[in-house]
Amino acid sequence: MVDPWTLIAAALCGAICYRIAAYRRDGARYRAGVSWLAYLLAVGTGCESLLITLSVMFAKPVTAVSPFLLMVLIVLAVLVYRARGNVARILRMD
């Protein structure tokens, strides 16, 4: 049986990846550094979600996710969804 924290983490990682991948610029300025950060964030969360999902499907052992890491993922998911996937808005220091 897989730890419920791990399944929640997989769902959060998938949601973060989806929201960043579905971002539309709509005239926003292109910045290469922010674009690379968004790419790395989408790839990292997407791969983690895929790893956990495939491990569960094929009955492979999955490393447990700490509830504290889950808190970080919740905060990150809220920030990404409030910014509508715009990583530059998350990084802005206004």
Side-chain angles (χ1 to χ4, degrees):
M1 184 68 188
V2 179
D3 185 25
W5 300 119
T6 306
L7 294 177
I8 294 170
L12 283 171
C13 285
I16 292 168
C17 178
Y18 171 76
R19 188 59 191 127
I20 291 174
Y23 171 68
R24 292 182 181 240
R25 263 190 335 151
D26 292 331
R29 191 173 64 162
Y30 174 79
R31 292 187 281 183
V34 175
S35 178
W36 276 104
L37 287 174
Y39 174 75
L40 289 174
L41 188 59
V43 168
T45 55
C47 287
E48 180 68 17
S49 176
L50 194 59
L51 174 75
I52 293 170
T53 304
L54 291 176
S55 295
V56 169
M57 284 178 55
F58 293 119
K60 303 265 180 172
V62 181
T63 55
V65 172
S66 166
F68 304 112
L69 179 61
L70 193 62
M71 285 186 238
V72 173
L73 287 173
I74 290 170
V75 169
L76 185 59
V78 168
L79 289 174
V80 167
Y81 272 86
R82 284 189 66 196
R84 295 187 202 116
N86 188 352
V87 175
R89 277 185 58 191
I90 297 169
L91 298 174
R92 193 175 328 180
M93 301 290 181
D94 289 347

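Reckoned from all heavy atoms, side chains included, excluding hydrogens, waters and symmetry mates. Quantities reported herein were computed from a predicted structural model and do not represent experimental measurements.
- At least one side-chain heavy atom of R84 sits under 4.5 Å from a side-chain heavy atom of R89.
- Listed by first and then second residue, the ring pair (Phe, Tyr, Trp, His ring centres under 6.0 Å) pairs involving residues 19-41 are W36-Y39 (not counting sequence neighbours).
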Could you go step by step and tell me if L41 and L76 meet the side chain to side chain contact (heavy atoms under 4.5 Å, CB included) rule? CA-CA 10 Å; L41 188 59; L76 185 59; 3.8 Å; yes

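- Under a hydrophobic-cluster definition in which Ile, Leu, Val, Met, Phe, Trp and Tyr are linked whenever side-chain heavy atoms come within less than 4.5 Å, directly or via other members, V2 and F58 are assigned to different clusters.
- For the pair D3/V65, no side-chain contact is recorded, criterion being any heavy-atom separation below 4.5 Å from C-beta on.
- Closest heavy-atom contact between A64 and T6: CA-OG1, 3.6 Å.
- Hydrophobic clustering, defined by side-chain heavy atoms of Ile, Leu, Val, Met, Phe, Trp and Tyr closer than 4.5 Å, groups M71 together with F68.
- Residue A15 comes nearest to Y81 through the heavy atom pair O-OH, 3.2 Å, listed as atom of the first residue, atom of the second, then distance.
- Minimum interatomic distance between L73 and I16 (heavy atoms only, all atoms of both residues): O-CD1, 3.8 Å.
- Hydrophobic clustering (side-chain heavy atoms under 4.5 Å, transitive across Ile, Leu, Val, Met, Phe, Trp, Tyr) keeps L37 apart from V43.
- Summarising the geometry, atom OG belonging to S49 is positioned 10.5 Å from atom CG belonging to L7; distances are rounded to the nearest 0.5 Å.
- The nearest pair of heavy atoms linking I20 to A42 is CG2-CB, 3.9 Å.
- T45 contributes no side-chain N or O that, together with a main-chain N or O of G14, makes up a donor-acceptor pair within less than 3.5 Å.
- Separating the CG atom in N86 from the CG atom in D26 is a distance of 10.5 Å, to the nearest 0.5 Å.
- Hydrophobic clustering, with ILVMFWY side chains joined whenever heavy atoms are under 4.5 angstrom apart, keeps L69 apart from L50.
- In terms of heavy atoms, V62 sits closest to S55 at CG2-CB, 3.3 Å.
- Nearest approach of V87 to A38, heavy atoms of both residues: CG2-CB, 3.5 Å.
- A single hydrophobic cluster is seen to contain both L12 and W5, as judged by linkage of ILVMFWY side chains at heavy-atom distances under 4.5 Å, directly or through other members.
- The structure places CG of L40 at 9.5 Å from OG of S35, a figure rounded to the nearest 0.5 Å.
- The line from CD1 of I8 to CD1 of I52 is 11.0 Å long, rounded to the nearest 0.5 Å.
- Hydrophobic clustering (side-chain heavy atoms under 4.5 Å, transitive across Ile, Leu, Val, Met, Phe, Trp, Tyr) groups I74 together with I90.
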